Participant: 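Let me begin by handing over the structure; questions about it come next.
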Amino acid sequence: MSFTTTIQFAAIESLEELYGRQFSEKDFQVNETKVEFEGDYTVVLFSLLKPLKESPENLGKKLGDLLIKKHANLFSNYNIIKGFLNLSLSDDSLLNLLKENYNDVCFGKNPLNHKKVMVEYSSPNTNKPLHLGHLRNIFIGWSVSEILKANGNEVYKSSIVNDRGIHICKSMIAWQEFANNATPQSTNTKGDHFVGNYYVKFNDEYKKEVKEIVDEGKPEAEAEKEAPIMKKTQQMLLDWENGKPEVIELWNKMNGWVYKGFDETYKRLGTDFDQTFYESKTYILGKEFVKKGLEDGSFYKKEDGSAWIDLSDVGLDEKLLLRGDGTSVYITQDIGLVKQKFEEYQLDESIYVIGDEQIYHMKVLKEICRKLGMPFADKIFHLSYGMVELTTGKMKSREGTVVDADELIDEMVETSKKHTEELGKVKDFTKEELKQLYEILGLGAMKFYLLRVDPKKRMVFNPEESIDFHGFTGPFIQYTYARIKSILRKVGGPIGSMVNGQWSINKLLPLERQLIIFLEKYSNVISQAAEELNPSVIANYVFHLAKTFNSFYVEHSVTNAESEEKKLLRLQISMMTATVIKSAMQLLGIKVPERM
RNA sequence: GGCCCCGUAGCUCAGUGGAUAGAGCAACAGCCUUCUAAGCUGUGGGUCACACGUUCGAAUCGUGUCGGGGUCACCA
């Protein structure tokens with residue numbers, strides 16, 4: 001049980017003894033004591049004054065005295081300022097905590113709760129490479145999954161690949177028309193970029209054709225429909241749906257190139273999925289489902305044969321489920337996938353990491369499920385995150401202002417190389433070790449930069465700031481870890497044999513106390529991050545921890561401590577800090593180096 | 001226009017009912033013969049968009065106003 005909870009319960013118990021009244025956790029707060037006051041935790045008395053008809057001084061004194069009497073091992077003393085009862089934890093309670101946990105790699109994680117959760121993220125289109133927006137999505141999805149695991153859930157990571165539709169046919173047509181059978185291999189291009197280039201090529205060509213037709217005097221709307229390349233593309237989509245062998249073959253070939261490219265990027269990012277769904281399969285499930293719904297009267301048809309559901313009673317609108325020609329729309333495949341997910345995995349919750357521009361869409365999906373009496377409708381959760389903007393405004397693929405994921409990774413890794421070489425601390429590393437270190441640092445900087453902000457909020461990507469390795473950054477925390485490891489290497493040998501000695505330290509120094517108390521909070525931090533589905537909670541915590549350790553580090557020597565006992569104490573504090581840093585960074589998907 | 005989100009230091013962000021609102025970056029001033037200076041210490045910087053209300057207490061809750069964004073497709 002955490003200190004906060006322990007104190008809360010102790011106070012409830014003492015209040016009952018003093019006043020014969022039952023209070024709950026909601027009736028008063030236990031907070032951390034502000035640094036400018038003496039004490040570690042504070043019981044806020046204001047809300048208790050009226051029900052108990054007491055003055056702050058009296059209540060504080062009575063409660064403080066009793067708490068200390070009953071929990072002599074936990075508290076050392078207290079003070080009252082206004083309505084705040086500030087309690088100081090005893091050295092013993094802190095030392096015990098340290099002794100029991102300093103070497104526990106699982107510290108802070110919660111036991112299994114047998115809840116099954118699926119987290120869907122990344123969900124790319126197979127017509128262009130991943131960009132900065134995907135990176136935020138992927139990092140959030142992966143991190144939230146790990147956080148949920150740490151909180152005791154059984155988590156499945158999944159991805160839905162948008163591998164069909166008119167946009168996919170566009171790159172296929174462009175390749176057919178202009179590539180002369182070129183391949184990623186023949187051009188030495190990464191597969192996803194290779195295909196993406198043909199998607200761009202399509203748009204260029206399309207624009208050209210539209211302009212020609214407009215120049216002949218036709219209105220733009222008509223020209224857009226008539227452009228030959230667009231007509232070919234629409235025909236290709238029909239051929240695809242009808243399973244025309246050449247088209248399917250081309251589709252398989254080009255998607256294969258893209259997947260190979262994605263896999264490379266995913267691997268480099270250290271991300272993975274337990275299950276990949278394909279829209280080319282789920283849209284069929286969705287269609288069948290709509291057909292059934294039409295038969296049993298859940299949905300209705302309009303004159304042109306299109307299928308609809310009426311959601312106007314829940315403040316939404318009539319929603320189209322299938323077009324008149326029987327082809328599916330965006331929501332169709334989502335309905336198919338929802339069913340499949342819950343039936344196949346028996347989920348307790350299904351989390352969708354999708355941008356906040358799709359809030360309305362996800363609401364519609366949920367309402368449709370609810371309307372159809374699907375039992376899992378309320379277990380759908382849209383983890384919506386804000387768009388990543390550039391300092392110059394929004395990213396727009398049309399204007400070529402999209403930040404490419406692979407390029408960005410390369411840049412970050414290159415920057416870490418530059419910094420490392422300038423500092424010259426790892427000259428004895430082998431080539432392979434250096435390469436690994438650059439990846440760890442570059443990716444660490446990038447992941448931390450994108451995860452340190454609350455997912456719900458829009459964020460601005462500042463290229464200069466993102467490659468900064470000082471302050472509130474991944475490398476700062478990695479550096480703190482490497483520093484600790486350096487101390488531990490210097491001491492050498494197993495610390496375990498030294499820890500069994502008796503403690504006779506009777507005065508923990510402020511920074512020693514601060515660190516132990518802060519380390520203790522880790523479990524609460526994981527719970528909070530899991531509850532809010534918010535990795536930035538972890539990022540802020542681990543930064544603050546590293547910061548505190550660095551102050552401790554310059555203030556107090558570990559290896560040359562005043563006494564053997566102090567040395568031991570500080571070694572344990574250092575070890576536990578390293579363990580928690582490593583663990584917290586792992587929840588963010590960031591590795592920590594032994595040296596840097 | 002309807003609905004949703006956001007507005008905190010020059011910039012990027014924490015803080016979501018408690019004490020004198022915090023970090024990082026940027027600026028300025030210090031600290032390496034001592035465990036890694038990717039570090040540490042200090043200084044300056046605020047009408048928490050605005051108004052009213054609820055409360056012993058509001059950046060935090062409510063209502064309204066202003067400003068920014070998203071969305072309301074037989075696009076995905």
Side-chain angles (χ1 to χ4, degrees), chain A residues 28-29 31 33-37 42 44-47 49-50 56 81-84 86 123 125 162 164-168 279 302 304 306-308 315-317 319-325 327-331 333-334 355-361 363-364 384 386-387 389 391 394 416 419-420 422-423 425-426 441 445 449 452-454 456-462 464-466 468-480 482-491 536-537 539-540 543-544 546-547 549-561 567 570-571 574 595-596:
Chain A
F28 64 98
Q29 290 179 32
N31 298 334
T33 304
K34 288 218 155 201
V35 278
E36 55 267 40
F37 301 102
T42 297
V44 183
L45 304 173
F46 294 106
S47 58
L49 300 179
K50 213 183 259 177
I81 297 171
K82 293 197 264 178
F84 300 98
N86 301 324
S123 309
N125 292 340
N162 299 308
R164 62 163 287 278
I166 192 87
H167 53 299
I168 306 300
E279 200 182 289
K302 289 198 175 175
D304 63 352
S306 54
W308 296 75
L316 301 171
D317 216 331
K319 287 287 149 193
L320 177 83
L321 300 176
L322 272 184
R323 296 191 186 97
D325 63 1
T327 56
S328 68
V329 287
Y330 188 38
I331 198 103
Q333 53 237 13
D334 281 333
D356 60 8
E357 78 272 359
Q358 293 199 37
I359 289 175
Y360 178 77
H361 171 79
K363 204 171 154 190
V364 169
S384 72
M387 295 290 101
E389 288 171 22
T391 41
K394 289 178 76 172
S416 71
H419 282 306
T420 306
E422 273 169 18
L423 293 167
K425 293 180 188 176
V426 287
L441 296 178
Y449 184 80
R452 67 185 203 183
V453 181
D454 185 338
K456 290 192 289 290
K457 296 196 173 173
R458 282 186 293 146
M459 67 173 291
V460 175
F461 182 84
N462 181 333
E464 282 162 41
E465 203 180 83
S466 71
D468 194 351
F469 284 17
H470 304 272
F472 189 23
T473 66
F476 169 87
I477 297 155
Q478 291 169 319
Y479 174 70
T480 308
R483 262 183 154 181
I484 297 174
K485 290 311 249 190
S486 171
I487 297 174
L488 298 178
R489 271 194 304 276
K490 194 165 182 190
V491 171
S536 81
V537 171
N540 279 291
F543 169 68
H544 191 24
K547 187 94 186 132
F549 184 85
N550 280 324
S551 301
F552 161 84
Y553 177 95
V554 291
E555 194 72 27
H556 308 296
S557 176
V558 177
T559 52
N560 291 317
K567 181 173 170 182
R570 288 179 192 160
L571 273 172
S574 302
R595 288 178 57 195
M596 64 185 274

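All figures in this text were calculated on a predicted structure; none of them were measured in a lab. In the text below, chain A, chain B and the rest are named by the order of the sequence lines, each starting its count at 1. FYI, side chains are in, hydrogens and waters are out, and symmetry mates aren't considered; it's all heavy atoms of this structure.
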Participant: Is the centre of the A/F549 ring less than 6.0 Å from the centre of the A/F552 ring?
Facilitator: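 Close enough - the centres of the two rings lie under 6.0 Å apart.
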Participant: More than 12 non-hydrogen atoms from neighbouring residues, nucleotides or ligands closer than 6.0 Å to CD on A/E422, yes or no?
Facilitator: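 Atom CD in A/E422 is packed in, count exceeds 12.
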Participant: Using the ring centroid of each side chain, check whether A/F28 and A/F46 are separated by less than 6.0 Å.
Facilitator: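 No; A/F46 has its ring centre 6.0 Å or more from that of A/F28.
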Participant: Between the base of B/A19 and the side chain of A/T42, is there a donor-acceptor distance below 3.5 Å?
Facilitator: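 Donor-acceptor pair under 3.5 Å: yes.
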Participant: Regarding A/H361 and A/D334, do their side chains bring together a donor and an acceptor under 3.5 Å, going by distance alone?
Facilitator: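 Distance-only check passes for A/H361 and A/D334.
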Participant: Please give the nucleotide sitting opposite B/C61 as a Watson-Crick or G-U wobble pair, both distances under 3.5 Å, or none.
Facilitator: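 WC or wobble partner is B/G53.
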Participant: Hey, does the side chain of A/S551 come within less than 4.0 Å of B/U41's phosphate (OP1/OP2), counting only N and O?
Facilitator: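 It does, given that an N or O in the side chain of A/S551 lies less than 4.0 Å from OP1 or OP2 of B/U41.
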Participant: Could you let me know what B/A27 is paired to, Watson-Crick or G-U wobble, both distances under 3.5 Å, or none if it's on its own?
Facilitator: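 Its partner is B/U43.
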Participant: Looking at the side chain of A/K34, which of B/G22, B/G24, B/G18 is the nearest nucleotide?
Facilitator: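 Per side-chain heavy atoms of A/K34, the pick is B/G22.
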Participant: When you compare the ring of A/F46 with the six-membered ring of B/G18's base, are the centres less than 5.5 Å apart and the planes under 30° from each other?
Facilitator: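 Yes, A/F46 stacks on the base of B/G18.
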Participant: Quick check, does A/F472 stack with B/A23? I mean ring centres under 5.5 Å and planes off by under 30°.
Facilitator: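 So no, this residue does not stack on that base, at least one cut-off failing.
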Participant: Reading nucleotides 70-76 of chain B 5' to 3', which nucleotides get B (base under 4.0 Å from a protein heavy atom), which S (sugar-phosphate only), which -?
Facilitator: SSS-BSB
